[in-house]
Amino acid sequence: MSEFDADLFVIGAGSGGVRAARIAAGYGARVMVAEEFRVGGTCVIRGCVPKKLLVYAARFDHAFEDAAAFGWSLGTPAHDWRALIAAKDREIARLEKIYRANLERAGVTVIAERAVFEDDHTVLLKGSGRRIRARNILIATGAHPIRPVFPGCELAATSNEAFDLDRLPRRVVVQGGGYIALEFAGIFKGLGAEVTVVHRGERVLRGFDEDIRLAIQKEMETQGIRFRLSETIRAAARADAGLRIELAGGDEIEADLLMAATGRMPNTSGLGLENTGVALDPRGAVAVDAVSRTSVAHIFAVGDVTGRVALTPVAIREGHAVADGLFGGRLEAVDYGAIPTAVFTEPEIGTVGATEAEARAGGAPIDIYKTSFRPMKATLSGRDTKVFMKLVVDGESDRVLGVHIIGEAAAEMVQCLAIAVKMGAKKADFDATMALHPSAAEELVTLRTKWQPG
Ligand SMILES: Cc1cc2nc3c(=O)[nH]c(=O)nc-3n(C[C@H](O)[C@H](O)[C@H](O)COP(=O)(O)OP(=O)(O)OC[C@H]3O[C@@H](n4cnc5c(N)ncnc54)[C@H](O)[C@@H]3O)c2cc1C
């Protein structure tokens, strides 16, 4: 009999943990996974999936408004927030069931409890008090939203609560300038709320291409979303009709909901890591090497808890790689080059590869191609919106280093373009590609003039 109860014990059944568990079990390993909340993790339960469902709901706003220009006559549309949340909950329950069934079908033992380390090989299940000895352990505990600290900050909701509000707030203040902040600003606006974004930076979406940062703010302002930039919240308090939010600059805003979208922290505290030799990095994330191994040779970590790239497909790829490495004899580093990402604002952003600033930082000559135009749909509807596209090209090799798009279906375009960027496509390959007409994406293969500053 083995001295271990499991070949792999996975802590956390989110994107990374579920994938690692299933692949490991597929290799014949004895796998257990502990989940303290709901199988599926952040992405399925309170991240990507419910977010996108709410984004779909919010986008009907523009569809209804634009419809008249195409000959439709509609009554006054009304929205039922509770019906939306109930539908979203049904879909998430369905997905959770599928995730659980897939794990079980693969032969993984799913344990609905919190698991913490007792030592390098032992986890304690907090509910039952059972101890499990595992040959290998994978930390896939994800991250949690943080609240900024100011008097009354406990009145702020985070993305966790925002998915389950019992009614649609009429006036919303979103604190933060990252993608989650902007996506929720768009959701609430689309569903009819007045929205103000308060962000301490001068611009939203740090890390994105500067042109994208400016253009998306303009688009959102055109729709009536207010931005208070270089500004922070000093205090929040209950007021008669909701919340009174005091800004550091002295202004006050009345709101029904204050949502903090100011960042996420790896879930490492209370995990018993002090009972192991697992080291954390200075930001409190689990420190790992290129193959996701921690400072203890048989303990691995993947996904948001490692503070690398906090995206679902990345966590999945990392979890898959750990399982391949441990049980498939292929211990390989994940390739983090050219990860496509989207921001599901209205209009949405899709981006892959280097920003202009990143490309220029290398010192090599960089060519920029960009265009901004009115989408065809807006010619009839009259909607004040622009598609923006930008290619960042290496001036010497002609390789396309980055693609940045704002516009309808930008995420879908960029997922496909990511293949070309990943393969090392050159601008000449884009030029040689026949356009698909009429589409917005055809502009990407017809950009001929280098952008000249000034
Ligand atoms: C609002 C929002 C929108 C997002 N949108 C996108 C998007 O559009 N695209 C995208 O790619 N990414 C998106 N993300 C990010 C994405 O959700 C995460 O990167 C991804 O879920 C990380 O997967 P993970 O496996 O590391 O952790 P998680 O999916 O967070 O899973 C960790 C799991 O571990 C469990 N757990 C923690 N500690 C313990 C313990 N001690 N014992 C047992 N269980 C434990 C947790 O309950 C959780 O279920 C979004 C995130 C948020 C918050």
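First listed ligand is number 1; within each ligand, the first listed atom is number 1.
- Each of the atoms 23 (O) of ligand 1 lies under 4.0 Å from some heavy atom of Ala315.
- A donor-acceptor pair is defined here as one N or O able to donate and one able to accept, closer than 3.5 Å; no such pair exists between the side chain of Thr196 and the backbone of Arg226.
- Under the 4.0 Å criterion applied to side-chain N and carboxylate O atoms, Arg170 and Glu194 are not assigned as salt-bridge partners.
- Ionic pairing of Asp7 and Arg30 is present here: one or more N-O contacts between side-chain nitrogen and carboxylate oxygen are shorter than 4.0 angstrom.
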| message | Could you go through Arg308 and Thr306, starting from their C-alpha distance and side-chain angles, then the distance that decides it, and tell me whether this counts as side-chain hydrogen bond (donor to acceptor under 3.5 Å, both in side chains)? | response | CA-CA 6 Å; Arg308 291 178 286 186; Thr306 64; 3.0 Å; yes
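- Relative orientation of the Phe4 and His121 rings is tilted, given thresholds of 30° and 60° on the angle between their planes.
- Under 4.0 Å from ligand 1, the heavy atoms of Leu271 that appear belong solely to its side chain.
- At least one heavy atom of Glu113 sits closer than 4.0 Å to an atom of ligand 1.
- One option in Phe184, Tyr179, Phe163 has a heavy atom closer to atom 15 (C) of ligand 1 than any other, and that option is Tyr179.
- Here the heavy atom of the protein found nearest to atom 31 (O) of ligand 1 is Gly14 CA, 3.2 Å.
- Protein heavy atom closest to atom 19 (O) of ligand 1, with residue, atom name and distance, is Asp304 OD1, 2.8 Å.
- Considering only non-hydrogen protein atoms, atom 37 (C) of ligand 1 sits nearest to Thr141 O, 3.3 Å.
- Between Lys51 and ligand 1, at least one N/O pair is under 3.5 Å apart.
- Ligand-side atoms of ligand 1 in range of Phe37: 47 (O), range being under 4.0 angstrom from any heavy atom.
- Here the heavy atom of the protein found nearest to atom 27 (O) of ligand 1 is Gly142 CA, 3.3 Å.
- Contact analysis leaves Val116 out of contact with ligand 1, as no non-hydrogen atom separation drops below 4.0 angstrom.
- Annotation for Gly47 and Phe163: closest pair O-CZ, 3.7 Å, computed over non-hydrogen atoms.
- For the pair Asp5 and Arg131, the salt-bridge criterion is not met [side-chain N within less than 4.0 Å of a carboxylate O].
- For the pair Arg114 and ligand 1, the shortest N or O to N or O distance falls below 3.5 Å.
- In summary, the atoms of ligand 1 found under 4.0 Å from a heavy atom of Arg264, numbered by their order in the structure, are 53 (C).
- A salt bridge does not link Lys126 to Glu113: none of the charged side-chain nitrogens sits closer than 4.0 Å to a carboxylate oxygen.
- Short contacts between ligand 1 and Gly303, defined as distances under 4.0 Å to a heavy atom of the residue, involve ligand atoms 26 (O).
- The ligand atoms of ligand 1 that sit less than 4.0 angstrom from a heavy atom of Gly16 are 25 (O).
- Judged by a 6.0 Å distance limit and a 45° cone about the ring axis, Arg46 is positioned over the six-membered ring of Phe37.
- Atoms of ligand 1 found under 4.0 Å from any heavy atom of Leu311, numbered from 1 in the order shown, are 10 (C), 11 (O), 12 (N), 19 (O).
- Look at Glu104 and Lys97 and you find no salt bridge, because none of the NZ, NE, NH1 or NH2 atoms lies under 4.0 Å from a carboxylate O.
- Residue contacts with ligand 1: Val305 is placed with no nitrogen or oxygen under 3.5 Å of a nitrogen or oxygen of the ligand (distance criterion only).
- Residue contacts with ligand 1: Ser15 is placed with a nitrogen or oxygen under 3.5 Å of a nitrogen or oxygen of the ligand (distance criterion only).
- In terms of protein heavy-atom proximity, atom 34 (O) of ligand 1 is closest to Gly12 CA, 3.2 Å.
- Closest heavy-atom approach to atom 17 (O) of ligand 1 within the set Gly272, Pro313, Cys43: this belongs to Cys43.
- The protein atom (non-hydrogen) at minimum distance from atom 16 (C) of ligand 1 is Thr312 OG1, 3.4 Å.
- Every atom of ligand 1 with a heavy atom of Ala34 under 4.0 Å away is listed here by number and element: 43 (C), 44 (N).
- Distance from atom 9 (N) of ligand 1 to its nearest protein heavy atom, with residue and atom name: Cys48 SG, 3.8 Å.
- Of the polar atoms of Asn267, none of the N or O atoms is found under 3.5 Å from an N or O of ligand 1, judged by distance alone.
- If you run side-chain contact (heavy atoms from CB on, under 4.5 Å) between Glu356 and each of Glu210, Lys390, His404, only Lys390 comes through.
- Ion pair Lys88/Asp164 flagged as a salt bridge, since at least one NZ, NE, NH1 or NH2 atom sits closer than 4.0 Å to an Asp/Glu carboxylate oxygen.
- For Tyr336, the OH atom counts as densely surrounded, since its 6.0 Å shell holds more than 12 non-hydrogen atoms of other residues, nucleotides or ligands.
- Taking only non-hydrogen atoms, the option from Lys126, Glu36, Glu318 nearest to atom 43 (C) of ligand 1 is Glu36.
- Heavy atoms of Lys52 found under 4.0 angstrom from ligand 1: none, in either backbone or side chain.
- Between Glu3 and Arg133 there is a salt bridge, since at least one side-chain N of the basic residue sits less than 4.0 Å from a carboxylate O of the acidic one.
- If you look at Ile180 next to ligand 1, the close heavy atoms, those under 4.0 Å, all belong to the side chain.
- Looking at Ala115 next to ligand 1, an N or O pair under 3.5 Å apart turns up.
- Looking at Lys377 and Glu408, a side-chain N of the basic residue comes within less than 4.0 Å of a carboxylate O on the acidic one, giving a salt bridge.
- The pair Arg283-Asp281 counts as a salt bridge, with a side-chain nitrogen and a carboxylate oxygen less than 4.0 angstrom apart.
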For this session: Check step by step if side chain to side chain contact (heavy atoms under 4.5 Å, CB included) holds for Glu219 and Thr222.
Result: CA-CA 5 Å; Glu219 285 284 338; Thr222 303; 5.5 Å; no
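- Of all protein heavy atoms, the one closest to atom 46 (C) of ligand 1 is Glu35 OE2, 3.5 Å.
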